[in-house]
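In what follows, a structure is listed as structure tokens, so that the remarks can point back to it.
Source: prediction; values computed, not measured. Each ligand, and each atom within it, is numbered from 1 in the order the structure gives. Each residue takes its place number in the sequence, starting with 1.
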Amino acid sequence: MSIEMELPSEYISASNDLRSDTFTTPTEAMIKAALSASVGDAVYGEDVDTARLEQTVAKLAGKEAGLFCVSGTLSNQIALRTHLYQPPYSILCDYRAHVYTHEAAGLAILSQAMVVPVIPSNGNYMTLEDIKAHYVPDDGDIHGAPTKVLSLENTLHGIVYPLEELVRIKAWCMENGMKLHCDGARIWNAVAESNVPLKQFGELFDSISICLSKSMGAPIGSILVGNTKFIKKANHLRKQQGGGIRQSGMIARMALCNVDDDWKSKLLYSHSLAHKLADFCKQHGIPLESPADTNFVFIDLRAAKMNPDVLVKKGLKYNVRLMGGRVSFHYQVSEDTLERVKKALLESFEYAKEHPFDQNGPTQIYRSESTEVDIEGNAIHDIKGYKY
Ligand SMILES: Cc1ncc(COP(=O)(O)O)c(C=O)c1O
Ligand SMILES: C[C@H](O)[C@H](N)C(=O)O
């Protein structure tokens, strides 16, 4: 049975999709590369292209081994579980961390871990002082769940974590028997923007989840990197959680296309678009939640009293797809889309002056564009049905 999908063009190209850098579409080169991929069973370690991808990324990160995971969530969850031994224990992270806010309580359920979410005192990233003020020491106090792993993100909310702060944190972790994991969903963006080699970040972390399916443009996958013993155990937990993949050579080859490509230029192009939008916001007094170091511009909807649903609909008016206050750029976004999202943003900002919106409850930076109600309060179930 063939299903004819009559999708409007905007659903096929990612050139106007600013909801996330996960929306890039595979290129013809990737699809052609998949046609000549190896076809071994990767659960038995018999797929050449999968092994090549794992080793290539591990080497770039200066780590002994890598493990191909179908998602960043799986990669993060098995990494953190692998670092943990005897409960009760806790994991300390930023209050916005994906492992805490967007992995469906995996740490509590899969790792039986308590999470200590920290609001950074500088508003942008945790410093060693923030960590010391919130971690739970393993001092025999039977009331606590000692902190055994710090999970940092780089980039975090689009911010490049300062290397010197990471060095301070790493030294303290080593002195205090703490493991250090990096959610590197956008570590390639951090490398491109800071010119710090991936290997230099890699030296600081016991494990890194390195996504290929975000700004790097692969359709699927992340590589978890660490030492050989760690990856061996992580592989065991990956299988337990249903992450064992059979003939993964095709998707590995698609990912390798991007790792072997001039990815820095692609990422820096997306950062240039974000920087231009951040400058535009500054010119027009539109507040941002955090510095636009890389490919994300986080509009401070609460401060601007902007309704995210109005912003989504104004986006559609200018044929730009948004989810909420985070404007995400990737290498397939056109310069023309940047000009159109500026119009949508400015109109939403002006609209808010006449119709201030008080965001009650948590600010949702990742929102489905087809949820909730439209300006007139009517339920929205079909993005094409938007009235704006
Ligand atoms: C910071 C961060 N970490 C992890 C993930 C999880 O990746 P995935 O969606 O592949 O599970 C995401 C999602 O894009 C993310 O933004
Ligand atoms: C939040 C969502 O899971 C995805 N990580 C994204 O950044 O779009």
Checklist line | Contact check: Lys214 vs ligand 1, nitrogen or oxygen atoms, below 3.5 angstrom | finding: yes
Next item on the list: Using a strict cut-off of 4.0 Å, indicate which atoms of ligand 1 neighbour a heavy atom of Thr22.
Entry: 14 (O)
Check: Where's the contact between Arg19 and ligand 2, heavy-atom distance under 4.0 Å: side chain, backbone, both or neither?
Finding: neither
Next item on the list: Using a 4.0 Å heavy-atom cut-off, say whether Ser71 meets ligand 1 through its side chain, its backbone, both or neither.
Entry: both
Check: Under 4.0 Å from any heavy atom of Ser20, which atoms of ligand 2 are there?
Finding: 6 (C), 7 (O), 8 (O)
Notebook entry, point to check: What do we get for Leu74 next to ligand 1 when only non-hydrogen atoms under 4.0 Å count, side chain, backbone, both or neither?
Noted result: neither
Check: Looking only at non-hydrogen atoms, which of Asn76, Asp183, Thr73, Ile187 approaches atom 11 (O) of ligand 1 most closely?
Finding: Thr73
Check: In terms of the angle between their ring planes, are Tyr351 and His355 parallel, tilted or perpendicular, with boundaries placed at 30° and 60°?
Finding: parallel
Note to self: Please find the pair of heavy atoms, one from Asn124 and one from Leu156, that lie closest to each other, and give the distance.
What the structure shows: O-CD2, 3.5 Å
Note to self: Quick check: closest heavy atoms across Arg96 and Gly123, and the distance to 0.1 Å?
What the structure shows: NH1-O, 3.9 Å
Notebook entry, point to check: Given that the side chain starts at C-beta and the backbone is N, CA, C, O, which of these parts of Arg326 lies under 4.0 Å from ligand 2, counting heavy atoms, or is it both or neither?
Noted result: side chain
Notebook entry, point to check: Does Arg186 come within less than 4.0 angstrom of ligand 1, counting non-hydrogen atoms of the residue?
Noted result: yes
Note to self: Side chains of Ser38 and Asp47 only: does a donor on one sit below 3.5 Å from an acceptor on the other?
What the structure shows: yes
Check: Does an N or O from Lys214, backbone or side chain, lie closer than 3.5 Å to an N or O of ligand 2?
Finding: no
Notebook entry, point to check: Is it true that a side-chain atom of Arg186 and a backbone atom of Thr155 form a donor plus acceptor pair closer than 3.5 Å?
Noted result: no
Checklist line | Selection from Glu103, His98, His102, Met323 by shortest heavy-atom distance to atom 4 (C) of ligand 2 | finding: His98
Notebook entry, point to check: Based purely on interatomic distance, does Gly72 place a nitrogen or oxygen under 3.5 Å from a nitrogen or oxygen of ligand 1?
Noted result: yes
Note to self: Show the nearest heavy-atom pair for residues Cys93 and Ser151, with the distance to one decimal.
What the structure shows: CB-O, 3.4 Å
Margin query: Tell me the closest heavy-atom pair linking Asp183 and His98, and the distance in Å.
Written below: OD2-CB, 3.7 Å
Margin query: Quick test of your reading of the model: are Lys214 and Asp21 salt-bridged, counting only N-O distances below 4.0 Å?
Written below: no
Note to self: One pair to check against salt bridge (Lys or Arg N to Asp or Glu O under 4.0 Å): Lys317 and Glu347. What are the steps and the verdict?
What the structure shows: CA-CA 10 Å; Lys317 175 179 177 181; Glu347 272 191 31; 2.9 Å; yes
Notebook entry, point to check: What are the atoms of ligand 1, with element, lying closer than 4.0 Å to any heavy atom of Glu153?
Noted result: 1 (C)
